[in-house]
Amino acid sequence: MSPPAGETRGGFGAAADRAPCGLVEIDAAGLVCAANQEFLQWVGRPPEAVFGHDLAQLLSPAGRVFWLTHLAPQLRLTGQLDEISLPLPDARGGVRRCLLSARRLAASEGATLVLLDAGRRHRVEDGQARLEALARMRAHWLGQIERMAEVGAWSWDPVRRVFDASKQVLRLLDLPPQAALGLPDVLDRLASGPQKARLGRLFAEPEALCAPLDFEAAILTPEGHSRQIRIYCEALWEKGRVARVQGVLADVSRAHHDRQRLWQLAHLDEVTGLANRQWFRSRLAEACAEDRDLALLLVDLPDFGVLVDDYGEERADAMLREVGERLAARMPAEGLAARLSGEEFALLVPMEAAKARSDTPDGLAQRLAAEVLAALRVPLAQSGAAVQLRASIGMSTRPVDAREAEALWGRAKVALSEVKRAGRGGAAFLRGATLAAAEARRAALATVREADREGRIEAWYQPKIRLSDGRVTSYEALARIRGANGGVSGPGDWWDAFDDPDCAALIDAAVLRRVLADLSGAGAHLGKVAVNVSDHSLRRADFVPDLLTRITSAGLAPAQIELEIVETALVGQRTEDLIAAFARLRAAGVTIALDDFGTGFASLTHLRDLPVDRIKIDKSFVLGVAAQGRNGPILRAIMDLARGLSLATVAEGVETEEAAGLLLDLGCDEAQGFRFGRPQPLVQIGGGTREHLPGHAGDSAKSVTAVIGAETH
Ligand code: C2E
Ligand code: CA
Ligand code: CA
């Protein structure tokens with residue numbers, strides 16, 4: 001309804017004046033009856049030049065024609081105009097482009113016109129378009145970021161029970177981009193049951209999700225690819241309830257693979273894929289800390305070293321793998337098999353594994369050891385079924401042998417070395433006789449090491465006499481240890497020390513030092529001394545030059561030293577190396593005696609190949625020579641052999657006059673034994689000229705009345 005002319009003329013009121021558009025009302029004749037301030041400003045005319053005037057006159061010439069010929073008739077006809085572009089002259093003489101909309105007023109036949117500034121409108125539209133472009137760009141970026149980071153975004157609406165996911169989620173799950181993804185599809189991919197249950201719970205009861213959830217899970221795609229994904233999500237709360245669970249899903253397979261690889265490098269043995277030493281030791285420590293009953297087995301394959309030489313490293317590695325597989329196959333699920341190093345393996349089984357069979361830890365260890373020994377006896381396929389392995393196994397159980405990991409390990413280790421020492425293979429605990437033997441060995445090593453540190457290793461001397469005239473020709477130096485309390489012990493008390501390379505070398509070196517010092521000092525009258533050399537000393541590359549240097553540095557002649565070498569010390573050494581070493585020593589003047597002759601299994605080959613001066617007939621042939629009838633012919637044969645090879649002979653263990661006489665008759669050159677003198681410290685051996693011992697076999701009376709010295713140990 002049109003307002004009365006008096007009220008409307010001049011304006012529509014304050015609110016209309018503030019509107020950001022031009023408002024005009026015309027009557028049926030097209031005369032302006034009202035206009036707001038905005039319109040008056042646009043046309044730059046005072047109210048009196050507008051009100052009551054024909055609207056057409058206020059337009060530009062082109063606009064006027066358009067209005068009169070098109071717009072006004074259309075308005076009359078249809079009752080409305082919508083956003084029609086109309087130029088309006090503005091106050092500065094320019095043109096304002098307007099969008100005109102109009103409605104005819106039914107009552108007055110007049111009309112209300114709304115004019116929008118098209119420029120301003122465009123500006124708004126531009127801004128909107130820019131925002132839309134930005135949003136599109138952002139969505140695109142997000143897609144790119146999702147693809148690059150292999151992250152997919154998803155959300156769950158618990159009210160509408162709708163699961164929404166980005167394309168990347170579909171890609172991660174190996175689903176086509178247009179696939180309709182439901183919640184069960186996602187859950188079904190999760191490989192692990194507990195994780196499936198966890199996510200299922202979250203979707204069923206999102207209110208329970210108080211803190212963000214962040215975890216990794218393995219998934220299996222429809223193509224059968226396994227992938228590691230990380231799921232992170234949080235609940236968005238609205239009015240006291242969860243309106244949405246929003247999350248991302250990232251493919252962390254690569255990082256997971258790298259992590260796995262690092263873990264493997266740190267925990268597994270590269271060749272066999274079993275646990276490595278460090279991991280095994282830490283698992284052992286953990287199991288002990290958890291106070292579990294355990295069986296520990298250390299497995300060694302003593303013959304394996306030869307296989308590397310025979311088959312090459314690659315095949316040997318394949319054989320180690322085969323061994324690893326056999327060991328692992330014997331392990332219960334809670335057990336751990338490891339390769340410690342080289343051909344040493346270890347097995348750890350917690351008792352839970354055996355409880356079901358009402359086994360004890362000992363029973364479990366023994367059963368497992370028997371299985372392992374049997375499994376390794378089956379020829380290795382990798383060797384073309386040519387190699388059958390012998391295993392040595394050291395066992396210990398918790399709590400029987402020890403409670404602490406270190407002690408448990410130590411018991412199994414020593415048990416293993418005892419089994420290896422016995423040389424027959426098999427399995428043993430370190431208990432009873434084995435424990436006593438190991439204890440004795442440990443004590444022997446400790447005694448020798450301590451004595452060496454404190455300079456208590458001494459050389460005692462035992463004379464060798466020429467049987468034909470009873471004169472002392474030389475002495476043998478024998479190691480003795482003076483105890484802290486002044487007592488003296490001999491090799492029989494610390495025999496095991498000779499089995500240890502370091503200790504044997506310590507003894508040899510200490511005795512040699514004493515001999516050289518004695519010979520160049522108070523013991524000069526000894527003339528010539530024989531020292532015993534263990535195979536460990538002989539193996540040292542610098543043994544010969546070192547010995548010769550020591551002799552000459554002491555101001556002595558090499559001819560004053562003889563080396564006594566037992567045949568067993570020659571076994572396993574390269575004959576060419578030995579020949580070269582012996583030749584060099586002899587060229588310098590050092591003489592060499594083959595000790596304990598007749599007891600070694602390769603005596604004749606050594607005699608044939610090695611340049612030596614003398615053979616020392618082992619005392620086992622001499623001690624019972626009179627009583628044991630078969631010793632006579634053996635001694636005779638040895639004498640003949642020596643004569644044929646132009647070697648001198650010394651018989652040891654000559655305790656009786658009878659034996660001395662017999663040896664003289666057989667043509668033996670020299671003798672050594674209690675009959676002529678026991679090993680004694682230097683101070684008890686008379687100085688000056690070499691003694692002529694009473695009672696030597698060449699004495700006319702053939703009765704021996706005196707024996708020098710008497711060993712006290
Ligand atoms: P061996 O080299 O055969 O030394 C001779 C052993 O026979 C010595 O025992 C000696 O005391 C003993 N003996 C000497 N005369 C008689 C006798 O008439 N009857 C009997 N029943 N025994 C006699 P010992 O001193 O106890 O030495 C034992 C072994 O220890 C030596 O046997 C030698 O193999 C080793 N040994 C001693 N000192 C050294 C050393 O400095 N270095 C090395 N590598 N071995 C040593
Ligand atoms: Ca000897
Ligand atoms: Ca001997």
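Start at 1 and go down the list; that is how both ligands and their atoms are numbered. Because only heavy atoms are used, hydrogens play no part in the values below, and waters and symmetry mates are left out as well, while side chains stay in.
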Proximity flag Lys616 to ligand 1, non-hydrogen atoms under 4.0 Å: no
Contact (N/O only, under 3.5 Å) between Ile507 and ligand 1: no
Residue-ligand contact Ala504/ligand 1, heavy atom below 4.0 Å: no
Distance-only donor-acceptor check, side chains Glu476 and Asn532, under 3.5 Å: yes
cation_pi(Arg540, Phe543) dist<6.0 Å, angle<=45: no
N, O or S atom within Glu564 nearest to the Ca ion (ligand 2), by name: OE1
Name of whichever N/O/S atom of Glu476 is nearest to the Ca ion (ligand 2): OE2
Nearest neighbour of atom 45 (N) of ligand 1 from the list Trp460, Phe674, Phe676, Phe498, on a heavy-atom basis: Phe498
Minimum heavy-atom distance between Trp409 and Leu296, given as atom pair plus value: CA-CD2, 3.8 Å
Any Glu476 heavy atom less than 4.0 Å from ligand 1: yes
Under 3.5 Å: N/O of Leu623 near N/O of ligand 1: no
Which atom of Asp596 approaches the Ca ion (ligand 3) most closely (N/O/S): OD1
Over 12 foreign heavy atoms within 6.0 Å of CD, Glu576: yes
Distance-only side-chain donor-acceptor flag, Thr272 / Asp269, under 3.5 Å: yes
Taking every non-hydrogen atom, the tightest pair across Cys668 and Met639: CB-CE, 3.5 Å
Atoms in ligand 1 flagged as close to Val511, the criterion being non-hydrogen separation under 4.0 Å: 41 (O)
Glu652 touching ligand 1 at heavy-atom level, < 4.0 angstrom: yes
Atom CD of Gln573: over 12 foreign heavy atoms under 6.0 Å: yes
Non-hydrogen atoms of Phe429 and Ala365 that approach each other most closely: CZ-CB, 4.0 Å
Pro679: numbered ligand 1 atoms lying under 4.0 Å from its heavy atoms: 11 (O)
Pair Asp300, Ser392: side-chain N/O donor-acceptor within cut-off below 3.5 Å: no
Interfacing atoms of ligand 1 (cut-off 4.0 Å, heavy-atom, Arg480): 11 (O), 25 (O)
From Glu652, Lys616, Lys619, residue fulfilling side-chain hydrogen bond (donor to acceptor under 3.5 Å, both in side chains) relative to Gln672: Lys616
Minimum-distance atom from the Ca ion (ligand 3) among N, O or S atoms of Asp595: OD1
Which of the ligand 1 atoms, numbered from 1, are nearer than 4.0 Å to a heavy atom of Asp596: 3 (O)
Nearest heavy atoms of Ala497 and Val448, plus distance in Å: CB-CG2, 3.5 Å
Contact partition for Val531 relative to ligand 1, non-hydrogen atoms under 4.0 Å: neither
Interfacing atoms of ligand 1 (cut-off 4.0 Å, heavy-atom, Asp508): 40 (C), 42 (N), 43 (C), 44 (N)
Gly492 to ligand 1, any heavy atom closer than 4.0 Å: no
Glu458 versus Trp460, side-chain donor and acceptor atoms under 3.5 Å: yes
contact_flag Trp495 ligand 1 heavy-atom lt 4.0 Å: yes
